[in-house]
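The block underneath contains the structure these notes are about, expressed in structure tokens.
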Amino acid sequence: MTRTGVVGWALAAPALAVIAVFFALPVVMGLALSLTDFDLYGLSDLSTVRLVGLDNYLRLLQAPPFWQALANTLYFVAVGVPVSIGLSLGTALLLNARVAKWQGFFRTALFAPVVTTVVAVAVIWRYLLHTRYGLINQALSAIGIDPVDWLGDPHWSMPAIILFAAWKNFGYNMVILLAALQAIPGELYESARVDGAGPLRQFTDLTFPLLTPTLVMVGIMTLAGYFQLFAEPYVMTQGGPLRSTVSVLYFMYEEGFRWWNLGYASAVAFLLFLIVFAVSAGLLRFDRDPAGSR
Amino acid sequence: MRPNGPPSEARRQALLKLAAGTAAFTVAGCGRSDDPHGALDFWAMGREAEVVAELLPVFHSRHPDIRVHVQQLPWTAAHEKLLTAYAGDSLPDLCQLGNTWLPELSALDALEPLDAAVASAGIARDDYFAGILDTNVMRTPGGDRLFGLPWYVDTRVLFYRSDLLRAAGHPQPPQSWAEWLTAMRAVRQLGAGKIYGALLPLNEPDPLYALALQQGALLADNDTRGAFSQAPFRRALGFYAGVFRDGLAPAMSASQISNVWDEFGRGLFAFYVSGPWNIGEFRRRLPRERQGDWATAPLPGPDGPGFSTAGGSSLVIFKRSPRKAAAWRLVEYLSEPATMQRFHALTGNLPPRRSAWRTAALATDAPSQAFARQLERVRAAPKIPEWERIFQAMQLTAERVVARNQDIAEATTQLDAWVDALLEKRRWLRTRAQAGDGRR
């Protein structure tokens, strides 16, 4: 090895060691655990743990509760990610508009939900969503809409969770998109205006294409985060009503820490990892060839 | 947002207390101290944890050398906390434990047998309701052992509208399934379709489970296979589903009935299968003019007074505790009939000892007396760690039969297949244990 190679490795060693101990090792151990039937009996007597190969995965793929959890999660992701990013993009555009006043104040105010604690805010949202006394239903009744049992009706529980998650998270992406918007040189807009492009045309043919790399990055981060939905249903609904807010991660938590089937729960974790990995990889490919064949 | 000015004195005090509490919690969280004379760690749940502090002054005056530190767990998180505490070797000295969780913790070998302590303290075992005490007895390689002492009991009885029943021509509460059906039909007719016979919320497993345990065992082959597709459970499910099919009960879950007490007071239904806490709730929540119109009765059985569930909480001592003697003193004190009577006065929880029932508050209280009669006929649930899951799956099956008209034979066969797969590990453990015995 060359001298610089040695120095390079030596400098990287502390970081690599940390990654190995706190990331690689647990992942390998989790994978190993998912090939066993470690359960309550294994907790008291290790000799009862058996190697079961891919059994956990096969059982999982045949378990309706897992598919229901996956469907709930996909619902949350498919609706939540566009809503959340749309909200971020909209507020970023508003903040970036030349006519916007008190930009700094609004930027801070809109970013505030991101730095709050999920659990504390979820408790407050439970009050907001309360069927009889909640502000949201009172506002709805003011415009003549009947009260909605947000957290008690299986049809409304997931929309309520999506609403909460979008409110909680949009500020983060908004700040990133705002930075990307401000990085677009003003001359481009000037020449676009000279060429006769109206505001809509400026957005579709100038702002949006230049924003695409940032949007893809923001999309991947949000997607990966939203697939790991857990704290919101845990605090607000405990997976109910009628299991309508059980996410994959919540399902894993129940299997692992409620029923202590750690082998099975590890298999859930790995399947979720594979799903998130596949979806992110798909989005990255989109990034390399942003406009398709155009 | 703008800060709300300087904190008031009260708030400052509250913050200080909070900080002190957090610090104490952190210290306590750093693993159990092994000092045999240290404070007892006692984990209790929900309302009981709040109330037990009021019982402790008498204990302290009797045992000034024992300090007790009560930690309150919310019921929703208690199970996870106990298992993680076991895995992390940070269990307390003693704990309030729902008696359906005993099989799990005794399978983990985390509990201290109490047989010797109970015998030397002169506590008469037959003073306890037999079915309730039985939930604390587990089979071990060395024979049956008692791993907990019941603290309070829970079972299911009939709550009913006596005025509606009288008006329908049934002044006496039903004693058998047939009588119950007749009474429900009569009430339905009386209300011209506006009154249901009963409310059996579709997401509550206890009523169906109580009916099922009246019929026979729900697990077969030494608790290693399901027996749900066999005649006893099918009869129970048939009766249960029939009540819905004939329109005698609304196919609703509890969340669809916004307020059970309001609906009961308004006369939406005449029978409701529920537990002891509802005695207090009915007294508190029904309007005064309705107070004379409700009563309780033991559950009807297939052909006469029937069995019901044996629930409640027990007091257990953990095996790894370095302060077992002191912990036993506390269990002994909380198990005294006089303490149990005070506990009942504070919480409404029913005592598990017959001698504790010899007080005016219980002996002359009509709604409680139905429970006293029912408690002589309760049966323990199967004592396996997987029972709680099976219990939930049973109700999901019933829900499918009632709400989606799935065939009972098909539904119960599916349930058994699921239970058999779940209990595969138990069968393997048994075979392994038998092979081990054979070699010896």
Side-chain angles (χ1 to χ4, degrees), chain A residues 36-50 52 55-56 58-59 62-65 68 105 108-109 111-113 115-116 119 130-132 147 149-157 234-235 237-244 253-265, chain B residues 1-2 74-89 101 103-111 202-203 252-259 319 384-390 392-393 395-396 399-400 403 414 417-418 421-433 436:
Chain A
T36 70
D37 72 341
F38 193 99
D39 57 9
L40 200 79
Y41 301 102
L43 186 62
S44 65
D45 179 2
L46 265 183
S47 73
T48 63
V49 175
R50 294 172 292 177
V52 294
D55 244 29
N56 284 331
L58 295 177
R59 264 175 55 213
Q62 292 164 19
Q68 197 199 345
F105 168 75
T108 313
F111 188 70
V115 293
T116 54
V119 176
H130 194 281
T131 315
R132 222 185 297 172
D149 187 3
W150 292 100
L151 297 176
D153 182 334
H155 297 110
W156 284 108
S157 51
Y234 181 73
V235 179
T237 59
Q238 267 100 52
L242 292 180
R243 321 261 319 146
S244 59
Y253 173 81
E254 274 195 338
E255 283 291 340
F257 295 102
R258 183 137 182 241
W259 312 117
W260 215 264
N261 293 323
L262 284 183
Y264 194 59
Chain B
M1 228 192 294
R2 220 162 47 80
W75 272 109
T76 46
H79 187 247
E80 287 95 313
K81 281 212 193 295
L82 282 166
L83 286 182
T84 25
Y86 171 81
D89 192 21
W101 295 353
E104 203 165 7
L105 283 151
S106 80
L108 290 172
D109 197 21
L111 303 178
L202 271 182
N203 58 337
M252 286 184 185
S253 69
S255 63
Q256 284 166 284
I257 298 264
S258 54
N259 185 323
K319 213 169 200 166
I384 58 172
E386 295 88 349
W387 175 249
E388 202 168 324
R389 284 198 94 164
I390 298 176
Q392 304 291 345
Q395 190 57 27
L396 286 179
E399 215 175 320
R400 271 201 302 276
Q414 274 176 16
W418 182 85
L422 184 72
L423 297 180
E424 186 275 334
K425 183 93 176 214
R426 286 190 73 79
R427 292 196 294 279
W428 178 77
L429 285 172
R430 196 182 50 171
T431 325
R432 198 176 78 134

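Below, all heavy atoms of this structure are taken into account, side chains as well, without hydrogens, waters or symmetry copies. Labels below follow one simple rule: chain letters A, B, ... track the order of the sequence lines, proteins then strands, and each chain is numbered from 1.
Here the shortest heavy-atom pairing between Ser44(A) and Ala107(B) reads OG-O, 3.7 Å. Annotation for Phe257(A) and Glu80(B): closest pair O-CG, 3.4 Å, computed over non-hydrogen atoms.
Heavy-atom neighbours of Trp428(B) CH2 from other residues, nucleotides or ligands within 6.0 Å: above the threshold of 12.
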Hey, mind stepping through Glu388(B) and Trp259(A) against side chain to side chain contact (heavy atoms under 4.5 Å, CB included) and telling me if it holds?
CA-CA 9 Å; Glu388(B) 202 168 324; Trp259(A) 312 117; 4.1 Å; yes
Candidate pair Leu83(B) and Arg258(A), rule side chain to side chain contact (heavy atoms under 4.5 Å, CB included), full reasoning:
CA-CA 8 Å; Leu83(B) 286 182; Arg258(A) 183 137 182 241; over 6 Å; no
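Residue Glu386(B) touches chain A through its side chain alone, counting heavy-atom pairs closer than 4.5 Å. Contacts of Leu108(B) with chain A are made by both backbone and side-chain atoms, with heavy-atom separations under 4.5 Å. Residue contact with chain B, scored on non-hydrogen atoms closer than 4.5 Å, involves the side chain of Asn261(A) exclusively.
Highest contact tally toward chain A, considering only Asp109(B), Thr76(B), Thr84(B), is held by Thr84(B) [criterion: heavy-atom pairs under 4.5 Å].
Remark: the backbone N or O of Leu40(A) is not paired with any side-chain donor or acceptor of Lys425(B) at under 3.5 angstrom.
Classification of Arg389(B) and Glu255(A) as a salt-bridged pair holds, one side-chain N sitting under 4.0 Å from a carboxylate O.
Side-chain contact between Glu104(B) and Trp260(A) is absent, with no heavy atoms from C-beta onward closer than 4.5 Å.
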